[in-house]
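Positions are given from 1 along the sequence. Note that this is a predicted model, so its numbers are computed, not measured.
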Amino acid sequence: MSQKEIEESLNLLQKDWDVDPIIRDFMLGKITDVSEYPIKVKDVVFHVPYLNSQKKYILWKCFWPDCHNCCDRQGRLPLTSDDLIIIGKGLKYQNTSEFIKNETLTVTYSEPGPSGQNITMTTINLKRKTDETTDDDGTHISCRFLDNEGGCSMHPDRPGVCYLYPFSSWLENEKGTARVHATYQFTGDCPGFYLADSLDPMKDEFKDYSKIIYDYNMASNRTNREGFGSVSFV
Ligand code: SF4
Ligand code: SF4
């Protein structure tokens, strides 16, 4: 995502929510004296930004149901092989191939990886609107499953990726064992970020998201192994 897109998203967000000016500057790349503090919570290593000059961590909490911005400004809904079966059934499809044909798009796109390298991915994505085309991929669309109360009409069987936001995650080889890592994705759409002196205020979120993120990575890895998606490092 470009700085210009993040700035546009932040400007929209600030019409309804307060955003700490320091966090805004950080998201726009104006604060560079930043360390990354790794904290291992169960099976996941979280990389938390620490602003050296402010001596503060950037932490996060979710404001749902007051906020549903991530569903209002959805960029892409890649499905795992588990999602294909569960969501297909939830949408009353008798077989998965019919569900894939009618409700999804297969898209190839590139994203910067954790160490700056480009990652090219091919995924089967749930359409966020019924007439979505591959040209809409990566653009902000209000998801068709968002209901009038700000909830997801598919919950709890919503795509695994929806549980993940605002984290992004990846697998690294640690002495022959796959280790899951996670960090925030700063798209400018989430009002939940705040500054704190310690990591304590977020300990419940770390615990809850450790399981969510670990399970999602295993499901995502299985999806590629089963041929429903691919990842390549350029
Ligand atoms: S993750 Fe962020 S954008 Fe999504 S509902 Fe929670 S506070 Fe809002
Ligand atoms: S599928 Fe549900 S949780 Fe995911 S973006 Fe759509 S409304 Fe939100």
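For the pair Lys61 and Tyr194, the distance from NZ or CZ to the six-membered ring centre is under 6.0 Å and the angle to the ring normal is within 45 degrees. For the pair Arg158 and Tyr163, the cation-pi test (distance below 6.0 Å, angle within 45°) is passed.
In summary, Arg76 and Glu111 engage in a salt bridge, as defined by a charged side-chain N under 4.0 Å from a carboxylate O. Ion pairing of Glu174 with Arg179 is present here, as a side-chain N (NZ or NE/NH1/NH2) and a carboxylate O approach within less than 4.0 Å.
With rounding to the nearest 0.5 angstrom, the CG atom of Asp189 is 10.5 Å from the CD atom of Glu5. Note: Phe228 CZ to Thr104 OG1 = 10.5 Å, rounded to the nearest 0.5 Å. Here the CD1 atom belonging to Ile100 is positioned 11.5 Å from the CG atom belonging to Leu126, to the nearest 0.5 angstrom. Residue Lys89 holds its NZ atom at 11.5 Å from CG of Asn95, rounded to the nearest 0.5 Å. The OG1 atom of Thr187 lies 7.0 Å from the NE2 atom of His140; values are rounded to the nearest 0.5 Å. Atom-to-atom distance recorded for Leu199:CG and Glu205:CD is 11.5 Å, nearest 0.5 angstrom.
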Should Asp197 and Lys56 be marked as a salt bridge (charged side-chain N to carboxylate O under 4.0 Å, His left out) after you check the CA-CA gap, both sets of side-chain angles, and the distance that decides it?
CA-CA 5 Å; Asp197 294 329; Lys56 301 269 188 203; 2.7 Å; yes

Starting from the C-alpha separation in whole Å, work towards a yes-or-no answer on ring-ring contact (aromatic ring centres under 6.0 Å, His included) for Tyr50 and Tyr57.
CA-CA 4 Å; Tyr50 180 76; Tyr57 296 94; 4.7 Å; yes

Candidate pair Leu51 and Leu195, rule side chain to side chain contact (heavy atoms under 4.5 Å, CB included), full reasoning:
CA-CA 9 Å; Leu51 307 187; Leu195 297 173; 3.9 Å; yes

Passes salt bridge (charged side-chain N to carboxylate O under 4.0 Å, His left out), Glu7 versus Lys4? Steps please.
CA-CA 5 Å; Glu7 188 168 12; Lys4 190 168 169 285; over 6 Å; no

Worked check of salt bridge (charged side-chain N to carboxylate O under 4.0 Å, His left out) between Asp20 and Arg24
CA-CA 6 Å; Asp20 186 312; Arg24 182 186 162 94; over 6 Å; no

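Between the side chains of Thr122 and Tyr109, no donor-acceptor pair is found at a separation under 3.5 Å. With hydrogens and angles left out, the side-chain atoms of Asp33 and Asn52 include a donor and acceptor closer than 3.5 Å. A donor-acceptor contact under 3.5 angstrom links the side chains of Ser9 and Arg73, judged on distance only.
Looking only at side-chain heavy atoms (C-beta outward), Val48 and Phe206 come within less than 4.5 Å of each other. Residues Thr80 and Arg222 fail the side-chain proximity criterion, which asks for heavy atoms closer than 4.5 Å. Under the 4.5 Å side-chain criterion, counting only non-hydrogen atoms from C-beta, Asp147 is not in contact with His68. Residues Trp60 and Cys190 form a side-chain contact, since some pair of their non-hydrogen atoms from C-beta on lies under 4.5 Å apart. Residues Ser169 and Val44 fail the side-chain proximity criterion, which asks for heavy atoms closer than 4.5 Å. Looking at heavy atoms from C-beta onward, Leu77 lies in side-chain contact with Cys143 at the 4.5 angstrom threshold. For the pair Met154/Pro159, a side-chain contact is recorded, criterion being any heavy-atom separation below 4.5 Å from C-beta on. For the pair Ile213/Val180, a side-chain contact is recorded, criterion being any heavy-atom separation below 4.5 Å from C-beta on.
In this structure a side-chain-to-backbone donor-acceptor pair under 3.5 Å is missing from Trp17 to Leu12. Without hydrogens or angle criteria, Glu103 side chain to Phe99 main chain gives no donor-acceptor distance under 3.5 Å. Remark: the backbone N or O of Asp136 is paired with a side-chain donor or acceptor of Thr139 at under 3.5 angstrom.
Hydrophobic cluster membership differs between Tyr216 and Ile86, with clusters built from Ile, Leu, Val, Met, Phe, Trp and Tyr side chains linked at under 4.5 angstrom.
Taking the six-membered ring where the residue is Trp, the centroids of Phe26 and Phe193 are separated by 6.0 Å or more.
Heavy-atom contacts from other residues, nucleotides or ligands closer than 6.0 Å to CG of Asp131 number more than 12.
Classification of the Phe167-Phe46 ring pair by plane angle, with boundaries at 30° and 60°, yields perpendicular.
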